[in-house]
**Student:** 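Below: one structure in structure tokens.
A note on names: the letters A, B, ... follow the listed sequences, proteins ahead of strands, and every chain is numbered from 1. For clarity, every value in this text was computed on a predicted model and none was experimentally measured.
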There are 2 protein chains.
Amino acid sequence: MANGKRVAVIGCGNWGSAASRLVAQNAACKPEFDDTVRLWVLEEEFEGRKLSEIINTDHENKKYLPGIKLPENILAVPDLKECVQESDIFIVVIPHQFVQSTAKKMMECGPLRPGAMCVTLVKGIVLTGKDVILYSDILEKELQVPCLALSGANVATNVAMEEFSEATIGFKEKEHALLAQKLFDRPYFKINCVPDVAGVQVFGAIKNVVAVAAGFCDGLGLGSNTKAAIMRIGLKEIYNFCLKFFKDASKDVVFESAGVADLITTCIGGRNVRCAAEFAKHEGKKPWADIEKEMLNGQKLQGTSTAEEVFNVLKANNLVEEFPLFVVTYQIAYEGTHPSELVKRFSVDALEKF
Amino acid sequence: MANGKRVAVIGCGNWGSAASRLVAQNAACKPEFDDTVRLWVLEEEFEGRKLSEIINTDHENKKYLPGIKLPENILAVPDLKECVQESDIFIVVIPHQFVQSTAKKMMECGPLRPGAMCVTLVKGIVLTGKDVILYSDILEKELQVPCLALSGANVATNVAMEEFSEATIGFKEKEHALLAQKLFDRPYFKINCVPDVAGVQVFGAIKNVVAVAAGFCDGLGLGSNTKAAIMRIGLKEIYNFCLKFFKDASKDVVFESAGVADLITTCIGGRNVRCAAEFAKHEGKKPWADIEKEMLNGQKLQGTSTAEEVFNVLKANNLVEEFPLFVVTYQIAYEGTHPSELVKRFSVDALEKF
């Protein structure tokens, strides 16, 4: 369709490629969107060829999403300027450390077209000093367009294989949400929308801290009821964290894929749980670096560093008392507190207010 | 304490014995309660001795909670009249089919003392014709005293072994909740209270339907994101079911042990999940009776019969369209619908309203 909105996906990693695949399927058949979906590729060589050329010729991102056919209406574009000038909807899906710099580069190619909007799929939030900053706010500020956020219980490769899953879009203006939902919703990838941009991103980031606590439960050999209690307390603390730092936070996100569903999958399986279980099994005496080396091929664990960042923000805001699970998880991970303290912290005679 | 409230536990099965153990620990040390906790025993012989005598002499319920020491301030009482006339707080923890008749028998010994109250730990709700009836309402009506409800992610034997877990008390009047919380809250058994007597009981009953759906996911070999999506949809349908049938339903219970935590443990492990997985593996062609015989020693599965009762109530109220997960779970379990329909039902192009 010549008059539909033109979509660009900024980032061609594993999730960026899977996301471009599903939005391209929708762009090809929905009148709201132009057929062509531009996929911005930070050009690199792979097996002696340019990655953009591989994608455009073989219709497969052989480096980051191998084995998955991409629709032919995906156009890999190494020129950021072309993406910026030719697009109305930007899906940003790059590692968090590059968000600010990439947004600045985009503006150097810009300004963005009138009526443009952005959807962030970036994982994480910025925890610094006393502040909790959303990547959607950074993008809104830099790009000067509205920015929504998408998150949920879904794994790029499984989405690319069209296994049924869900996701949540957080929005401020309903008209943007309706358009973003049309762009992302597929029969195998169902989208619900909530008017809570912050909640969607905060859950996506802080769930990993709860996963570390859940892993401690596993490593301590505690039963499923204890683990469910820890996950429940974690869910409530994430929600309370949203309430403390964002005025629009709502309970709605808890019911959504970005809330309870993502928390469940993250706390049942996943690297944070496995590594934290190993840590607790060794009573906190095996260094994280050794665990990362053995179990993650040296990659860094997200949950532990997020636990530290969350703790520092809570401390800077005098909120340590109100988030006992986040705090004890940090103390076990970094301050030599014995893992068994996880449950002891809640085994108190004081009654919760209600 | 001579002037404290006197507690009777009505029912000495597995959960009744574990519950009496923890309230007796509290009664022994909190001034609000009389030391002695009466445990009503429907007298029977076990190993040639009367069960009440075994409990009072050996301080162990060798039939229903073997291997666990009971506090000496538990007094097993086979005489229901003594329990009724000598008690102010009644904890009802008997199989659901005996609630009405036991309440009537209690009233024949009564009336209950002024200021008496009741806490139901009975599992289930009554689904009949167009109506959803709470055991707390049956007890309130029969006994003419206020009735609270307790439920959560906890297993009797684990509670008796003092593994850390949580529970939720649903209440109408705050002063009753404060007293019930003092009675049940232990360092290893943490109680939160919500002003939603219905929600606490409905979640406890209907979670089993979601567990059947979760088991179908396992049997179909679907991944964790799909299963998390099904659990999330189930959570939302339970909440919506509460909203449809009870005016005081609140989102609060979702955050509590009786809500999300109990749903998680029930959907991860447990008999409903295992049997439903077996059913789906055989594409719905292996009869439930055979599965129950092989996997449950002939005991009846709760989730499937609850699914049927829920479906009938929804149909009688013209609500079938609004609860697709409950409905498809029933149809797979009883109407020959193929298990793969579970996910197909949600893999539609229609967008959810928001």
**Student:** Can you tell me which of A/Ser347, A/Ser257, A/Ala228 forms the most heavy-atom pairs within a distance under 4.5 Å of chain B?
**Tutor:** A/Ser347

**Student:** Would you please go through residues 261-268 of chain A and name the residues with a non-hydrogen atom below 4.5 Å from one of chain B, in numerical order?
**Tutor:** A/Ala261, A/Ile264, A/Thr265, A/Ile268

**Student:** I'd like to know whether CD of A/Glu173 has more than 12 heavy-atom contacts from other residues, nucleotides or ligands below 6.0 angstrom.
**Tutor:** no

**Student:** Carefully, step by step, assess A/Gln331 and A/Glu341 under the rule side-chain contact (heavy atoms from CB on, under 4.5 Å).
**Tutor:** CA-CA 9 Å; A/Gln331 290 170 332; A/Glu341 186 64 24; 5.9 Å; no

**Student:** Select all residues of residues 153-163 of chain A having any heavy atom within less than 4.5 Å of some heavy atom of chain B, and report them by number, or 'none'.
**Tutor:** A/Ala153, A/Asn154, A/Val155, A/Asn158, A/Glu163

**Student:** Which pair of non-hydrogen atoms, one from B/Leu220 and one from B/Pro339, has the smallest distance, and what is that distance?
**Tutor:** CD1-O, 3.5 Å

**Student:** B/Glu166 vs B/Lys190, test: salt bridge (Lys or Arg N to Asp or Glu O under 4.0 Å). Steps then yes/no.
**Tutor:** CA-CA 5 Å; B/Glu166 299 184 311; B/Lys190 298 306 295 174; over 6 Å; no

**Student:** Go through the atoms of A/Phe346 and report whether side chain, backbone, both or neither lie under 4.5 Å from a heavy atom of chain B.
**Tutor:** both

**Student:** Does the side chain of A/Leu148 reach to within under 4.5 Å of the side chain of A/Val197, using non-hydrogen atoms?
**Tutor:** no

**Student:** Report yes if the side chains of B/Ile206 and B/Phe326 come closer than 4.5 Å at any heavy-atom pair, otherwise no.
**Tutor:** yes

**Student:** Picking from A/Ile233, A/Leu222, A/Thr226, which has the most non-hydrogen pairs under 4.5 angstrom with chain B?
**Tutor:** A/Thr226

**Student:** Quick one, A/Leu150 and A/Thr168 - any side-chain contact, counting heavy atoms below 4.5 Å?
**Tutor:** no

**Student:** For the pair B/Asp218 and B/Arg274, find out whether any cationic side-chain nitrogen is under 4.0 Å from an anionic carboxylate oxygen.
**Tutor:** no

**Student:** With a sphere of 6.0 Å drawn around CD of A/Gln302, does it hold more than 12 non-hydrogen atoms of other residues, nucleotides or ligands?
**Tutor:** no

**Student:** Salt-bridged, B/Glu256 to A/Arg232, with N to O below 4.0 Å?
**Tutor:** yes

**Student:** Hey, what do you get for CD1 (B/Ile91) to CE (B/Met117), rounding to the nearest 0.5 Å?
**Tutor:** 8.5 Å

